Amino acid sequence: MLRHAIAPSRRYTKASHDVVRHPRLTSDAKILLLYVQGLAAESADRPLSEHARKLGITGRAYQKAKELLAVNGFLHERREQGVRGLWATAQLLSNVSLTPAEAATVCLGRASEGSEAPETAMCPGAPDPAVGEPAIGGPVDRVVGGQLPVDEEREKNSPHPPSEAKPDPVPVPEVEPDPVPAPEVKPEPGAAPDAPLPPDVAEGERVLLSLRHACWELYLGAKEARTLAALAAEWLRRGVTAAQLRRVLTSELPDGGVRSAVGFLRYRLVHKLPEEPRPEVLAPKPVVAAMIPCAGPGEEHLFRPARGEELCGPCGRAEARRFWLRQRELAEGQPAPLPWRERFAAVNGPRAEPC
């Protein structure tokens with residue numbers, strides 16, 4: 001690689017190799033640091049963001065560059081109170097990496113003898129050295145004297161003499177009135193706040209209160225959950241488990257969010273209520289027929305008919321076999337069927353000879 005460089009005679013900034021070749025600083029961070037390093041002294045009171053805006057480093061790029069400078073010790077910020085009591089953010093940007101203790105020493109102007117503050121250190125908002133220190137000595141009390149007492153001044157300057165002191169009234173013993181008994185609050189006939197809830201209602205209330213863990217928009221208070229517990233208990237009575245009820249109430253929420261958790265849950269509990277489980281219809285027990293004697297040949301034996309038959313199974317099959325044997329014998333005794341030509345001639349008569 002070839003290179004060509006001409007050393008400038010003016011308008012240049014000395015850049016340390018530690019800054020230019022720093023592996024963890026981006027190009028925006030290095031350019032911002034070198035730009036501030038070459039500023040005049042009168043520009044030191046401006047914030048770092050204003051200098052970055054002049055370089056076109058804004059938005060996320062500026063935040064990233066500022067973060068890298070702060071992490072690697074080139075930028076230090078601290079809040080301090082000015083002379084008039086106003087708080088300001090002091091920024092210290094250095095061309096060398098400083099620890100927080102060294103940065104505080106540089107910013108306050110109390111550097112030790114062995115350490116030298118970098119020339120490019122700038123600390124906006126630091127106390128102005130031209131402003132003098134406060135007066136020596138602690139606060140003292142106000143000098144009091146030279147004024148007459150209030151009584152003497154009133155007797156001397158008041159046009160009206162003071163009125164005579166009235167005798168103290170004789171204290172009258174206070175008689176405490178009889179305490180009025182507080183009206184007794186009679187509980188309503190159907191209200192029982194301390195009575196335990198039914199198991200299904202208590203389970204429904206627990207399901208409603210647990211919805212906040214699945215979706216924060218469905219957060220319910222204790223009183224709100226108590227008002228909807230009866231509707232949730234109806235779901236449980238119809239065979240829906242607690243996990244299924246929770247899945248139904250938290251799935252497919254509106255895209256714009258839930259405005260009212262109570263109204264949304266009441267609508268779903270009412271309009272998505274499943275049907276009541278139908279009672280199972282038990283099939284009637286089959287009627288067992290009585291034993292009857294078989295009408296077939298052979299020894300007398302009993303069987304249980306299924307459809308009103310008179311023969312048992314073996315006798316019925318033997319009777320069917322004999323029936324089809326007779327049918328086959330009758331079919332074999334019949335003459336052979338005539339060919340189709342003879343059948344056609346027998347129906348239409350003899351064929352006429354052509355003329």
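Remember, predicted model here, so these are calculated numbers, not experimental data. We're numbering straight along the sequence, starting at 1.
At distances below 3.5 Å, at least one donor-acceptor pair connects side-chain atoms of E217 with backbone N or O atoms of V258. Judged by distance alone, with hydrogens and angles left aside, the side-chain atoms of T26 form no donor-acceptor pair with the main-chain N or O of A65 at under 3.5 Å. A donor-acceptor pair is defined here as one N or O able to donate and one able to accept, closer than 3.5 Å; no such pair exists between the side chain of R53 and the backbone of T58. A donor-acceptor contact shorter than 3.5 Å links the side chain of H76 to the backbone of L98. In this structure a side-chain-to-backbone donor-acceptor pair under 3.5 Å is present from Q37 to K14.
For the pair D18 and V96, the minimum side-chain heavy-atom distance is 4.5 Å or more. Looking only at side-chain heavy atoms (C-beta outward), F74 and L25 come within less than 4.5 Å of each other. Under the 4.5 Å side-chain criterion, counting only non-hydrogen atoms from C-beta, L211 is in contact with L208. Between V288 and R304, some side-chain heavy-atom pair lies under the 4.5 Å cut-off. Contact annotation: the side chain of C315 approaches that of H301 to within less than 4.5 Å [non-hydrogen atoms, C-beta and beyond].
Within a 6.0 Å radius of CD in E309, more than 12 heavy atoms belonging to other residues, nucleotides or ligands are found. Annotation for R328: atom CZ does not count as buried by contact number, only 12 or fewer foreign heavy atoms lying within 6.0 Å. Within a 6.0 Å radius of CZ in R341, other residues, nucleotides and ligands contribute 12 heavy atoms or fewer. Residue E50 places its CD atom among more than 12 non-hydrogen atoms of other residues, nucleotides or ligands, all under 6.0 Å distant. Applying the 6.0 Å contact sphere to CZ of R79 captures more than 12 heavy atoms from other residues, nucleotides or ligands.
Of the inter-residue distances, the one linking I292 atom CD1 with L302 atom CG reads 9.0 Å to the nearest 0.5 angstrom. Here CG of L32 is found 4.5 Å from CG of L48. Values are rounded to the nearest 0.5 Å. Separating the CG atom in L249 from the CH2 atom in W235 is a distance of 6.5 Å, to the nearest 0.5 Å. Q63 CD to L68 CG: the interatomic distance, rounded to the nearest 0.5 Å, is 11.5 Å. A distance of 4.0 Å separates NZ of K66 from CD of E77, quoted to the nearest 0.5 Å. Note: R238 CZ to E275 CD = 8.5 Å, rounded to the nearest 0.5 Å.
When all heavy atoms of F303 and P293 are compared, the pair lying nearest together is CE2-O, 3.9 Å. Here the shortest heavy-atom pairing between V207 and A242 reads CG2-CB, 3.7 Å. Nearest heavy-atom pair, S210 versus R246, reported as atom, atom and distance to 0.1 Å: OG-NE, 3.1 Å. Scanning both residues, L209 and G221, for their nearest heavy atoms gives CD2-O, 3.8 Å. Between G204 and L236, the shortest heavy-atom distance links the atoms N-CD1, 3.7 Å. Taking all atoms of both residues into account, the shortest heavy-atom contact from A225 to E205 is CB-CG, 4.1 Å.
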- Go through R206 and E203 one step at a time and tell me if the salt bridge (charged side-chain N to carboxylate O under 4.0 Å, His left out) criterion holds. CA-CA 5 Å; R206 283 193 294 269; E203 180 67 18; 2.6 Å; yes
- Message: One pair to check against side-chain contact (heavy atoms from CB on, under 4.5 Å): L253 and C215. What are the steps and the verdict?
- Response: CA-CA 10 Å; L253 298 179; C215 179; 3.4 Å; yes
- CA sep, side-chain torsions, deciding dist, call: R226, L197, side-chain contact (heavy atoms from CB on, under 4.5 Å): CA-CA 10 Å; R226 183 66 59 88; L197 296 175; 3.6 Å; yes
Show me the donor-acceptor pairs, under 3.5 Å and distance only, between side chains in residues 261-270 and residues at least two apart or in other chains.
unit_1, atom_1, unit_2, atom_2, d
R268, NH1, V248, O, 2.8
R268, NH1, S251, O, 2.6
R268, NH2, S251, O, 3.1
R268, NH2, E252, O, 2.6

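When hydrophobic clusters are built by joining Ile, Leu, Val, Met, Phe, Trp and Tyr residues whose side-chain heavy atoms come closer than 4.5 Å, directly or via intermediates, V201 is not grouped with V240. L33 and I31 fall within the same hydrophobic cluster, defined by Ile, Leu, Val, Met, Phe, Trp and Tyr side-chain heavy atoms under 4.5 Å apart, directly or through other members.
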